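Report on the structure given below.
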Amino acid sequence: MNVVIINDNKKDFLDLLLLADAQEDMIDKYLDRGVLFALYDDSLRSICVVTDEGNGTFEMQSLATYPQFQGKGYARYLINHVCDYYKDKGTTMIVGTGDTPIIVPFYESNGFVFSHRIENYFLEHYDEPMFEHGVQLKDKVYFKRALREYTHDLCLMKSGTQV
């Protein structure tokens, strides 16, 4: 697997970005100011955009994997790569997502903990109702992960020490 930072022609990845955020004008709000990471394993598998939110906080946006490659660990690998990339640049990685019974446990299993909620976010900011796994998205929930603590835990796991 290889993760590449894409600096130019980020809109070339729009098909995959739209899997994570179904409204292009919402993607436009952060794409130009964000860093686009693309994970390749022979071909493109997953992407995400990371924005600098100030005060040592980075936000992971539009994490997406092509459907035929989901469930194979690509998103998890990309999350770990991105958090490792930012470990010396900040203290916290956040992610905002829909409140569904599949997405929330995924982020929790990747070291994120609940931070806060913005009620009715999807109802107020999107032109059309959004659904994820049959659940209409209403509130946006934010999760956070400490970058330095995670890196320490990852090093311990790699060395075989229980965390």
Side-chain angles (χ1 to χ4, degrees), residues 1-54 57-87 89-90 92-112 114-118 120-145 147:
M1 283 186 267
N2 185 31
V3 178
V4 177
I5 293 176
I6 307 297
N7 293 311
D8 300 315
N9 303 317
K10 295 177 187 177
K11 283 277 193 143
D12 289 350
F13 296 83
L14 191 59
D15 65 325
L16 195 47
L17 291 165
L18 286 168
L19 291 178
D21 194 337
Q23 194 165 301
E24 187 174 346
D25 68 331
M26 295 297 282
I27 295 168
D28 290 340
K29 292 180 180 182
Y30 55 81
L31 186 59
D32 284 341
R33 69 182 182 92
V35 177
L36 176 64
F37 292 85
L39 184 149
Y40 291 86
D41 189 8
D42 295 325
S43 63
L44 179 63
R45 304 300 166 104
S46 296
I47 61 163
C48 73
V49 177
V50 178
T51 56
D52 185 341
E53 300 303 314
T57 299
F58 294 91
E59 183 170 356
M60 187 179 305
Q61 311 210 36
S62 290
L63 174 65
T65 302
Y66 282 118
Q68 66 268 32
F69 303 121
Q70 291 176 1
K72 299 183 187 302
Y74 292 114
R76 183 178 309 274
Y77 184 91
L78 187 54
I79 288 171
N80 290 332
H81 177 88
V82 165
C83 287
D84 189 53
Y85 179 86
Y86 284 100
K87 72 181 179 208
K89 297 170 180 59
T92 307
M93 181 66 67
I94 62 172
V95 62
T97 188
D99 191 3
T100 71
I102 293 178
I103 297 172
V104 169
F106 170 75
Y107 283 110
E108 290 173 335
S109 74
N110 280 283
F112 288 86
F114 178 79
S115 172
H116 63 282
R117 169 186 306 269
I118 300 176
N120 297 317
Y121 179 87
F122 292 100
L123 301 176
E124 294 171 2
H125 291 90
Y126 285 81
D127 297 337
E128 302 289 329
M130 292 184 56
F131 293 86
E132 187 77 36
H133 303 288
V135 176
Q136 183 176 1
L137 302 181
K138 296 177 184 173
D139 299 346
K140 187 172 189 177
V141 290
Y142 278 87
F143 294 85
K144 63 183 178 179
R145 183 165 107 176
L147 294 172

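Excluded from the calculations below are hydrogen atoms, water molecules and symmetry mates; all remaining heavy atoms, backbone and side chain alike, are included. Because the structure is predicted, anything quoted here is derived from the model rather than measured. Position 1 is the first residue of the sequence, and the numbers go up from there.
By the 30° and 60° cut-offs, the orientation of the rings of H116 relative to Y142 is parallel.
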Distance-only check: which donor-acceptor pairs under 3.5 Å involve side-chain atoms of residues 41-49, not counting sequence neighbours?
unit_1: D41; atom_1: OD2; unit_2: Y74; atom_2: OH; d: 2.7
unit_1: S43; atom_1: OG; unit_2: R45; atom_2: NE; d: 3.2
unit_1: R45; atom_1: NE; unit_2: D41; atom_2: O; d: 3.2
unit_1: R45; atom_1: NE; unit_2: S43; atom_2: O; d: 3.3
unit_1: R45; atom_1: NH1; unit_2: Y74; atom_2: OH; d: 3.0
unit_1: R45; atom_1: NH2; unit_2: D41; atom_2: O; d: 2.5
unit_1: S46; atom_1: OG; unit_2: T65; atom_2: OG1; d: 2.6

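The backbone N or O of Y77 sits nowhere less than 3.5 Å from a side-chain atom of H81 that would complete a donor-acceptor pair. The main-chain N or O of V141 is never found under 3.5 Å from a side-chain atom of D139 such that the two would form a donor-acceptor pair. In this structure, K10 contributes its side chain and G34 its backbone to a donor-acceptor pair below 3.5 Å.
With salt bridges taken as basic N to acidic carboxylate O contacts below 4.0 Å, one links K11 and D28. A salt bridge links R117 to D99: one of the charged nitrogens lies within less than 4.0 Å of a carboxylate oxygen. Of the charged side-chain nitrogens involved, at least one lies within less than 4.0 Å of a carboxylate oxygen, so that R33 and E53 count as a salt-bridged pair.
Under the 6.0 Å distance and 45° angle rule, K89 counts as a cation-pi partner of Y85.
Considering only residues two or more places apart in sequence or on other chains, F131 meets the side chain to side chain contact (heavy atoms under 4.5 Å, CB included) condition with P129, Q136.
Side-chain polar atoms of D21 and Y126 form a donor-acceptor pair below 3.5 angstrom.
In this structure, the ring of Y107 has its center less than 6.0 angstrom from the ring center of F112.
You'll find the side chain of F37 reaches within 4.5 Å of the side chain of L78, heavy atoms only.
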